[in-house]
Colleague: 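Here it is, the structure, as structure tokens.
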Amino acid sequence: MSTALRVAIAGLGTVGAGTVSVLTEHRELIARRGGRPVDIVAVSAKNRAKERGVSLDAYDWYDDPVAMAREADVDLVLELIGGEAGPAKAVCDAAISAGRHVVTANKALLAIHGDALASAAETAGVSLNYEAAIAGGIPIVKALREGLTGNRVTRVYGILNGTCNYILTEMRENRLSFETVLAEAQNLGYAEAEPGVDVDGIDAAHKLALLASLAFGTRVDFAGVYTEGIRRIALEDIDYAEEFGFRIKLLGSARMTEHGLEQRVFPCMVSKDKPIAHVEDAYNAVVAHGDFVDDTMYEGRGAGAGPTASAVVADIVDVARGFAVATFGVPVGALADTAAVPIERHRGAYYIRLMVRDEPGVIANITAVFRDEAISIGSMLQRARSETEAVPVVLNTHVCEEAAMRRTLERIEALDSVVQQPTMIRIEPLN
Ligand SMILES: NC(=O)c1ccc[n+]([C@@H]2O[C@H](COP(=O)([O-])OP(=O)(O)OC[C@H]3O[C@@H](n4cnc5c(N)ncnc54)[C@H](OP(=O)(O)O)[C@@H]3O)[C@@H](O)[C@H]2O)c1
């Protein structure tokens with residue numbers, strides 16, 4: 001068998017320790033598939049004394065992961081620290097400058113610095129692989145970069161954040177509020193103490209920016225992703241969605257249009273007829289539509305030591321095999337610069353929930369605003385009647401432009417009888 005692929009691992013947390021486990025437990029299998037053994041040579045993390053559930057005795061320890069990336073005698077550096085800057089970026093820069101291949105799971109880093117890192121890797125003639133960065137264990141990078149390469153991909157969308165999907169599933173199944181489920185998820189370690197990156201949609205937006213680049217051959221444009229999270233989703237909305245035949249999902253969705261690239265992350269209502277509506281708990285799923293293949297869907301675990309390490313090891317084996325593909329499918333110089341389509345130009349149907357004082361004329365005033373903006377209402381529901389408390393008025397619109405919907409909601413919120421900010425959830429036909 002040929003010489004071993006020598007690997008250094010920066011970061012030994014969930015993903016790093018998981019990767020050590022796979023590489024040691026499946027050493028023979030990986031050597032057979034990669035055509036040569038994969039040897040871990042050096043490792044680095046913050047705290048050397050920490051118990052990690054894997055033995056590190058056989059490896060050189062570095063306190064400084066950047067020095068390791070620069071100096072250790074290795075072919076490949078795994079960046080499994082995380083974060084869009086700081087040591088993660090410095091590790092990748094140092095490894096590439098030293099002519100070493102890089103495998104990372106870091107979507108935040110790639111969403112911001114992906115083009116620059118890919119360009120540096122290209123110049124240095126090394127691979128920059130990141131299967132674990134998007135939807136964890138699901139091999140979606142390989143699907144887009146290799147399996148669908150004969151297609152023009154016209155649309156890609158998915159459930160890209162397991163924490164949000166878990167929260168929405170728990171809210172619906174156990175009839176709990178967002179705040180209660182979030183607190184539970186934090187206690188169980190499923191959600192971070194600072195949950196904003198997940199629940200505000202930022203993590204999904206990082207992944208979507210990478211998916212869009214892979215799907216459409218465009219430069220990574222994280223700033224062009226319109227992003228909304230799930231904090232404003234109330235249990236009532238989940239109940240109404242069920243009643244109307246929908247599920248609420250946080251979807252990341254990218255589409256190439258004649259006006260430019262649409263990249264959106266927002267909670268939306270999807271028909272229960274669609275398979276993605278039934279992807280529950282912490283699972284992720286991605287649907288890619290190719291002009292020849294039609295819809296393809298990939299589902300699996302988006303996080304956790306095993307699934308993420310599975311993806312990292314697939315990238316390592318590619319390097320062992322000497323198999324290389326441009327980071328975003330085509331050389332960086334060939335990636336297109338495409339204008340981002342602003343959310344105001346989004347066209348779709350909307351679910352609106354208003355809390356109103358139950359008094360004469362309120363419905364007439366509301367419908368007048370919709371009429372003024374030429375938005376037609378598909379259905380309207382006014383449930384309980386009460387002289388003392390606000391009551392919900394729920395309506396679904398036909399397709400209209402978001403700019404008109406925003407003007408409508410601003411005017412409706414200003415009406416005396418409307419007592420709180422309207423809730424608006426987009427309805428996604430997914431076609
Ligand atoms: N967790 C998942 O399920 C998952 C899924 C997909 C992608 N990812 C991505 O994978 C990456 C790693 O995530 P993770 O969950 O494994 O994170 P983690 O458990 O927090 O582990 C991070 C590791 O980096 C080490 N580290 C932090 N700062 C360091 C520094 N200055 N120098 C050296 N080592 C340093 C930590 O050392 P100590 O252990 O000594 O503190 C720890 O071992 C992130 O980019 C994340 O977005 C994670």
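One-based numbering, in listed order, for ligands and for the atoms of each. Values in this document were obtained by computation on a predicted structure and should not be read as measured data.
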Colleague: Kindly indicate whether atom 16 (O) of ligand 1 is approached by any protein heavy atom to under 4.0 angstrom.
Modeller: yes
Colleague: Determine whether the side chains of N165 and Y283 contain a donor N or O and an acceptor N or O closer than 3.5 Å.
Modeller: no
Colleague: Decide, yes or no, whether a salt bridge links E242 with R247 under the criterion of side-chain N to carboxylate O below 4.0 Å.
Modeller: yes
Colleague: Enumerate the atoms of ligand 1 whose separation from the nearest heavy atom of P87 is less than 4.0 angstrom.
Modeller: 31 (N)
Colleague: Who's closest to atom 14 (P) of ligand 1 heavy-atom-wise, of D64, V91, V15, L12?
Modeller: V15
Colleague: Tell me whether G304 reaches ligand 1 (any heavy atom closer than 4.0 angstrom to a ligand atom).
Modeller: yes
Colleague: Going by heavy atoms in the side chains, are L78 and I316 under 4.5 Å from each other?
Modeller: yes
Colleague: What atoms of ligand 1 come closer than 4.0 angstrom to any heavy atom of A303?
Modeller: 3 (O)
Colleague: May I ask you to establish whether R426 and F266 are in a cation-pi arrangement, using a distance under 6.0 Å from NZ or CZ to the six-membered ring centre and at most 45° from the ring axis?
Modeller: yes
Colleague: So for R48, does at least one of its heavy atoms come nearer than 4.0 angstrom to any atom of ligand 1?
Modeller: no
Colleague: Is the distance between the ring centroids of F328 and Y130 under 6.0 Å?
Modeller: yes
Colleague: Using 4.0 Å as the upper bound for N to carboxylate O, is an ion pair formed by E410 and R406?
Modeller: no
Colleague: Between A132 and ligand 1, which residue portion shows a heavy-atom distance shorter than 4.0 Å: side chain, backbone, both, or neither?
Modeller: backbone
